[in-house]
Amino acid sequence: MQEQYSPRDIEAAAQADWNQTNAFQVSETPGQETFYCLSMFPYPSGKLHMGHVRNYTIGDVIARYQRMQGKNVLQPMGWDAFGMPAENAAMNNKVAPASWTYSNIDYMRTQLQSLGLAVDWSREFATCTPEYYRWEQWLFTRLFKRGVIYRKNGIVNWDPVDQTVLANEQVIDGKGWRSGAVIEKREIPMYYFRITDYAEELLTSLDDLPGWPEQVKTMQRNWIGKSVGMEVQFPYDVDSIGGEGRLKVFTTRPDTLMGATYVAVAAEHPLATQAGVTNPKLQAFIDECKRGGVAEADIATQEKKGLPTGLFVRHPLTDEKLPVWVANYVLMTYGEGAVMAVPAHDERDFAFALEYGLPIKPVVRTSAGNETPAPWQDAYAEKGTLINSDEFNDMDFDSALTAIGDVLEQKQLGAPRTQFRLRDWGISRQRYWGCPIPIIHCDTCGDVPVPEDQLPVVLPEDVVPDGAGSPLARMAEFYECECPTCGNKARRETDTMDTFVESSWYFARYASPHYQEGLVDPKAANHWLPVDQYIGGIEHAILHLLYARFFHKLMRDEGLLDSDEPFKNLLTQGMVIAETYYRLEENGGKTWFNPADVTVERDAKGKIIAARLTSDGQTVEIGGVEKMSKSKNNGVDPQSMIEQYGADTCRLFMMFASPPDMSLEWSDTGVEGAHRFLRRVWRLASQHAQGERPAALDAASLSDDQKAVRRAIHLAIKQASQDIGQNHKFNTAIAAVMTLMNVLEKAPQASGQDRALLQEGLETVALLLAPITPHISHGLWQALGHSDPVINAPWPKLDESALVQDTLQLVIQVNGKLRGHLEVAAHASRETVEAAARLNENVLRFTEGLSIRKVIVVPGKLVNIVAN
RNA sequence: GCCUCGAUGGCGGAAUUGGUAGACGCGGCGGAUUCAAAAUCCGUUUCUGGUGACAGAGUGGGAGUUCGAUUCUCCCUCGAGGCACCA
């Protein structure tokens, strides 16, 4: 064993051993318990960033720990390879997205492998290959035939200058990111997945996921947003509209119907369109509403504006005339695109009514009283007894609901209804670098799915997009085709699919990644699925995870696999953040400097007071800690870290700096600390390994000091087992190993028993660190005399008897304040403890002149003496 | 705007069911070793007052429950993630 810790040699040797034995390649071994450990696969953006390193290290720690529990562990890796960045890179560098993507994959694979992940690389795939997406197209055609996929119009961001559809990300302050033109909302036909058909199941089966964070389940529940209420119909006023009909609205508060003083519709609502024809001012307002992007965050933060249409509807209960307004706060995408406005009991209606002088009629007695004077109070929205509501007066919420519901149903102007906030999933993208939608448009046969024997519809790979619409739509050789049904000339669909579709089923493909006969080999799929542990960023808490759950249910209903949910346990990892530094430029802009190029200055207490650019010695502004990003130039390159310190140091630091679900702040000195620790471990082990191999430990005949060392060893095992195995708190597991190392370094090495104890201690350190820093553990394990590699060693067992102590230290409090300590026998009785506490010097001092009211004894913990 | 989460020393963070606030690491300070430096080792380090023993304060702010609150309840401030075409 080398005396110096040399990560370069140690890591190369360990990885060579694993590769030689195909250590992480797995198959469907019968009889062995499986563990499928999956990290969200990376988008091949160019090179690895720290977020990737963190994600895959967490996954690797869990995978390796489970292997040490004796399980057959599958940990695959692949590439989420379709996406917009490839098209942007193509436009900037005039390279085809395909070659850009494939070369990124090659580079990033090498980087990932240098981390020493226990990945079965034989299962690797990229979603942009026809071998993968043909099965996506195959599933699409099946679902299309079943009606799970359908076509309707949807609203998109339209750039009138570039004549192209933009992603929300490409719309900045309502303008196109390249053209700067004001974006318009435009309707185009798109394909939709009927995810709303699964809304109820997606909601209820969240209850079957105890291994998911409560936070994520709450977010998904709110996103699906089930509301039970009523559909209420407002008959049109024949005079004002010049026709008959009914305006439908959905409400969760039919009890407040008597307080409705107007109705409001979205700008895209048919009534608005109709009224706009004869009302130029209204039309101008509708056009204004159609300017700007479609992102809900932008729409919801706009100033609330509206205009009367001049149309009227009749109140379904009183027959009163109510004005119809167009309001920009009404979303066409929720419910019916129209609301009944009850300003007295709804905050947004209240603000709108105040702004435009519309009547406010209180109809519920709330804790704020019978009136609803401005400003708005949350109490106005409370449920309560009805007032000002004719025959419904004095009814409580429930009876009013029933009574009003009954009248509406009798008049056929209302019915109970359940409404979801969740919308169907539009997957058409007018972009090139994606999976082609396998549909052929025929003038006589309509939308015809591409027959199975003509799949896959292959995306041509030698295309460089130019940012002006999809290149596929200009490639006759792509879109010209024959109708599979009638044989006439037809046109192939040129839209591609949302890239979320590929990531919605990749976890299933890993079970049989090279299977040629279907999307999955059902036997393999049911062997591995569901995923036992899924790990990824919290930013995917809603969309990706909901779509993947939806797809799993679709695959189940297609008979491809048996389980109901894809991911049994979920760990959502926090972001990697770092300090930012900048200088203000004359034009008001900021130049950002990488933390690696900045030196900080500290005051006497070590607090950072200034920072200077290392190259010129001049000060830079400290910008605060933010997510690592290109724009703030605060990214730290994992590659240079690995080259400087080794993968183990990088992994150790990332796992130690914070628990996985919290954000992780990058710290160069923290990395050095992690490296220092590994050097200490290596040094102690190499000193120990130089001596003779010690004889077996005789745990029964240890001295008190030796018992204390052995206790430290088993406390570390206990702590690390709980932290890694159950709580996924790797930082405290590492802290426990560090504490153990502090003890082992000071432990005597004189006698044979001392050396046997140190052997047990060092073996424990190697095993407990094995999931986190696998390379050094590989080397340590060999040096400690084992011929079988540490990856095949079992996780250490806790010896409870090593933890037993004869005496305990208790805390003495007076009125809840710490006043002293008490050493007692481990099994001392309550009375003995209380008596000893009462005699404590400090207790006597602090209770002088007071009478003791109560003594609280918490066994093994503390005594609290209550006196006044 | 809406949904969700978070806030603890100079810094990252730790504290089974409410029971010693600050484990472990970083940084700082003092010392040893060294011709010197690097590396390493030892000590110390929440704040305020005090030479000291010790005392008081303290987990974003304000209230409440409790013998006892970082932990539970309510209100507020600030920050982060998501909002359906970034992945």
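So that the names make sense, note that chain A is the first sequence line, chain B the second, and so on, each numbered from 1. Just the heavy atoms: all of them, side chains too, but no hydrogens, waters or symmetry mates, feed the values below.
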Counting only side-chain nitrogens and oxygens, does A/T732 get under 4.0 Å of the OP1 or OP2 atom of B/rA14? no
Mind checking the C1' distance from B/rU70 to B/rG9? Whole angstroms is fine. 14 Å
So, does A/N222 get its side chain near the phosphate of B/rU4, meaning an N or O under 4.0 Å from OP1 or OP2? yes
Should B/rG9 be called syn or anti, with syn set as within 90° of 0? syn
Is there a donor-acceptor contact under 3.5 Å linking the side chains of A/N815 and A/R853? no
Does a side-chain N or O of A/R429 approach OP1 or OP2 of B/rC85 to a distance below 4.0 Å, or not? yes
If only side-chain N and O atoms of A/N731 are considered, is one of them under 4.0 Å from the OP1 or OP2 phosphate oxygen of B/rG12? no
Below 3.5 Å, does any donor atom in the side chain of A/R853 face an acceptor in the base of B/rC67, or the other way round? no
Quick one: is B/rC83 close enough that its OP1 or OP2 comes under 4.0 Å of any side-chain N or O from A/N168? no
Would you mind classifying the nucleic acid contact of A/H544 as base, sugar-phosphate or nothing, using non-hydrogen atoms under 4.0 angstrom? nothing
Would you check if there is a donor-acceptor pair between the side chains of A/T196 and A/D424 at a distance under 3.5 Å? yes
Below 3.5 Å, does any donor atom in the side chain of A/Q170 face an acceptor in the base of B/rC86, or the other way round? no
A/Y329 versus A/D349, side-chain donor and acceptor atoms under 3.5 Å: yes
Of B/rC24, B/rC85, B/rA84, the nucleotide closest to the side chain of A/L422 is B/rA84
Between B/rG56, B/rU4, B/rC86, which one does the side chain of A/M84 approach most closely? B/rC86
Are A/R431 and A/T499 close enough that a side-chain donor and a side-chain acceptor fall under 3.5 Å? no
Need to verify one output field. Residue with the more 5' nearest nucleotide on RNA chain B, A/A735 or A/R423? A/A735
Rounded to whole Å, the CD1-P distance (A/I577 to B/rC11) equals 14 Å
Watson-Crick or G-U wobble partner of B/rA7, both distances under 3.5 Å: B/rU77
A/I538 or A/I856: which one's nearest nucleotide on RNA chain B is closer to the 5' end? A/I856
Remember a base hit wins even if backbone is also touched, and classify A/M662 as base, sugar-phosphate or nothing at under 4.0 Å, heavy atoms. sugar-phosphate
B/rG68, OP1 or OP2 - any side-chain N/O from A/R819 closer than 4.0 Å? no
